Amino acid sequence: MTARVRIAPSPTGPLHIGTARTALYNYLYARHTGGTFILRLEDTDRVRSTVEFERDILEGLHWLGLDWDEGPEVAGEPARGPHAPYRQMERLPLYAAAAQRLLADDLAYPCYCTPEELDADRRAQEAAHEPPRYVGRCARLTPDERRAREAEGRRGALRFRVGEGVVAFDDVVRGRVEIDVANLGGDFVIVRADGNPLYHFTVVVDDAEMEMTDVIRGEDHLSNTPKHILLFRALGYGVPRFAHLPLILNPDRTKMSKRKSQTAIDDYIAQGFIKEALVNYLALLGWSTGTEEEILSLDELVDRFDLGAVHKGGAVFDRERLEWLNGQWIRRLSADDLIDRLRPFVEAELAAGRIERMPTDEELRALLPVIQERLPTLGAVGDLVGFLWVDDVAVDAATLVPKRWDAPTTRDGLTAARRTIEDAGEVSFEADELEPPLRALAEAHGWKAGDLFMAIRVAVTGRTATPPLFDTLVALGRERVLARLDRALGVLDGR
RNA sequence: GCCCCCAUCGUCUAGAGGCCUAGGACGCCACCCUUUCAAGGUGGAGAUCAGGGGUUCGAAUCCCCUUGGGGGUACCA
């Protein structure tokens, strides 16, 4: 039987790093085994679910390149697959039918306890140092008693009878797990009094109806797995194989959260992390090839992925390592590709008012040899060469003077350099033609070339760290170089 | 509290009884390259394999206990 796996996000927030990683592992497993990757939206939390989050999640998964074989219709995209709809709120009749079956078999029963009663129970248990569990007040109501409550206008929630015994399963990553049903907290609610089915119930009905063979999800669901297994059995379904992935952690080793880490994929995209790096990084957070390979494309990951080799322990999200990988992948991009990906970030600089004009693709292309290896993220482009696209740069006298120089020397140096650059550029303004005469100039005056170059660098860019000077001068153009040198000279003279 | 899971450098990891005086990568430090910054190269610091008991001729690897950490325990997902 070929594998059928799914990612089942709740549209209650933007695409989360953890969801993306779980989706990736499901995708890798499906593609590696020639199986089917399914997307299902778990939107039964009516209050917190929104269509905006749905879109965000689907767009994010697409952006990462994790395309699904079956999934819901959304944003103009039609539903795909034989088990539509793939959005839980559109599958209500299925849950209702399953609930009916459990009720008919007396495997579930209506519970009329009020929130106040349940709360009181919990408090009493806490006071008695007992684990919280449903006391079973409504477990043995007679048909007459139920009718009486309904007649009072009370609407019952549906509770599933957990019974007794030990539930055991062989988790693909954790091995054998056994949990005594007595520790499940008593009969649990599967359908709310308002008729809305709950997660533990819908997930089972859907995984069964959609014929999932493997459930690959976060470790936070491990403890609840017995509830699911009980439900699969009660409903007469086969039980899928489970694989619980290690959690992605905050630096303090708690489950990764918005409060302590950046968790939205959107934020990483906005900062200029590229999908190749994110996919590569996430794949290696909790799994490794067992070799020393670490720069791996999505296809290579598909080729090497092994669910059984996934780690058991949680992994701290390390942004520095992600950044390094991002740089590695940026350097592997073709010129055209990099220009396409850079453009939105340059536009963002313009929109934010940090630059004053948009460079052409040809300008960007000419810059690539010197910026491609200097970009940790696409978002760093403005910081790196934004000085090229503003009318004037701010320079202050203090940084203008190189460490080993004083102001008069700097003035002499820049004045001489200005003349040399002006002369050199008569024919053509090329890096090869600028460097020799400026080096000769430094030598003639007994200056260290680096000092002269630094003075020029700060004069024309306003900063001490830039791409190589001569490439920078060429990118700036003769006129602007001369104008900025003049301005810098003015600053030196206190003007 | 109760239940479950986990445990190798700061971090991500290799390691499935002898190849380990524990390997790689990120980060950090130094040097090389070099006009600055990167990139790249070389080298270095960094883990008594959480601790304690076993098993074994031999344990990071197997077993037990302890400790630590995490997750779950909703009419959230």
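Predicted model, so just to flag it, every value in this text is computed and none were measured. In what follows, chains are A, B, ... by sequence order, proteins preceding strands, each numbered from 1.
Judged by atom type and distance alone, A/Arg439 does not reach the base of B/U35 through any side-chain donor-acceptor pair under 3.5 Å. Contact annotation: side chain of A/Arg174 to base of B/C5, donor-acceptor pair absent below 3.5 Å. Not a single donor-acceptor contact under 3.5 angstrom links the side-chain atoms of A/Arg48 to the base of B/A77.
Contact annotation for A/Arg253: backbone-only contact, meaning every heavy-atom pair under 4.0 Å involves sugar-phosphate atoms and none involves a base. Using a 4.0 Å heavy-atom criterion, one finds that A/Asn224 contacts the bases of the nucleic acid, with or without backbone contacts as well. Counting non-hydrogen atoms under 4.0 angstrom, A/Ser10 reaches the backbone sugars and phosphates but no base. Using a 4.0 Å heavy-atom distance criterion, A/Thr44 is classed as a sugar-phosphate-only contact. Using a 4.0 Å heavy-atom distance criterion, A/Gly313 is classed as a sugar-phosphate-only contact. Across all strands, A/Leu247 comes closer than 4.0 Å only to sugar-phosphate atoms, never to a base (heavy-atom distances). Nucleic acid contact class of A/Gly286 (heavy atoms, under 4.0 Å, all strands): sugar-phosphate only. A/Thr254 comes within 4.0 angstrom of the backbone, heavy atoms only, and of no base. A/Pro9 comes within 4.0 angstrom of nothing in the nucleic acid, heavy atoms only. Using a 4.0 Å heavy-atom distance criterion, A/Ala157 is classed as a base contact. Within 4.0 Å of A/His200, counting heavy atoms only, lies at least one base atom of the nucleic acid. At a threshold of 4.0 angstrom between heavy atoms, the contacts of A/Pro467 include nucleobase atoms, whether or not backbone atoms are also involved. As judged by a 4.0 angstrom heavy-atom cut-off over every strand, A/Phe470 is placed among the base-contacting residues. Counting any heavy atom pair closer than 4.0 Å across all strands shown, A/Glu126 reaches no nucleic acid atom.
A/Ser288 has a side-chain polar atom (N or O) that falls below the 4.0 Å cut-off from OP1 or OP2 of B/A14. Checking the phosphate oxygens (OP1, OP2) of B/A39, no side-chain nitrogen or oxygen of A/Arg332 falls inside 4.0 Å. Dashed line: the shortest gap from a side-chain N or O of A/Arg192 to OP1 or OP2 of B/C76 is under 4.0 Å. Contact between the side-chain N/O atoms of A/His311 and the OP1/OP2 oxygens of B/A14 is found at a separation under 4.0 Å.
Here the closest heavy-atom approach between residue A/Val181 and residue A/Val167 is recorded as CG2-CG2, 3.6 Å. The two residues A/Glu42 and A/Pro11 make their nearest non-hydrogen contact at O-CD, 3.5 Å.
In this structure, the nucleotide among B/G71, B/G1, B/C75 sitting nearest to the side chain of A/Ser223 is B/G71. Considering only side-chain atoms of A/Val177, the nucleotide from B/C37, B/U73, B/C4 that sits closest is B/C4. Comparing B/G70, B/U73, B/C5 by their nearest atom to the side chain of A/Leu222 picks out B/C5. The side chain of A/Arg331 has B/A39 as its nearest neighbour among B/C4, B/A39, B/C5. Nearest to the side chain of A/Glu219, among B/C75, B/G70, B/A14, sits B/G70. When each of B/A74, B/C26, B/C12 is scored by its nearest atom to the side-chain atoms of A/Val316, the top-ranked nucleotide is B/C12.
With the nearest nucleotide of RNA chain B identified for both A/Ala309 and A/Leu198, A/Ala309 has the one nearer the 5' end. Mapping A/Phe453 and A/Gly156 onto RNA chain B via the closest heavy atom, the residue that lands nearer the 5' end is A/Phe453.
Across B/G52 and B/A7, the matching C1' atoms stand 15 Å from one another, rounded to whole Å. Comparing B/G54 with B/U61, their C1' atoms sit 15 Å apart, to the nearest whole Å. Using P as the reference atom, B/C19 and B/C5 are 32 Å apart when rounded to the nearest Å.
Under a cut-off of 6.0 angstrom, the local environment of CZ in A/Arg365 is crowded, with over 12 non-hydrogen atoms contributed by other residues, nucleotides or ligands.
In this structure, B/G17 forms no base pair with any nucleotide, since neither Watson-Crick nor G-U wobble geometry is met with both distances under 3.5 Å.
As a whole-Å value, the separation of A/Asp45 CG from B/A77 C1' is 7 Å. Per the geometry, NE2 belonging to A/His129 stands 11 Å off P belonging to B/G1, to the nearest Å. A straight line from NZ of A/Lys312 to P of B/C6 spans 6 Å, rounded to a whole angstrom. Rounded to whole Å, atom P of B/G27 lies 11 Å from atom CD of A/Glu294.
Relative ring orientation between A/Tyr199 and A/His228 is described as perpendicular, the plane-to-plane angle rising above 60° on a 0-90° scale split at 30° and 60°. Taking the six-membered ring where tryptophan is involved, the planes of A/Phe470 and A/Phe453 are perpendicular, since the angle between them exceeds 60° and thus also 30°.
You'll find the side chain of A/Leu338 reaches within 4.5 Å of the side chain of A/Leu378, heavy atoms only.
Note on A/Arg439 versus A/Glu443: no salt bridge recorded, every NZ/NE/NH1/NH2 to OD/OE distance being 4.0 Å or above.
Using modelled atom types and a 3.5 Å distance limit, the side chains of A/Tyr281 and A/Asn326 yield no donor-acceptor pair.
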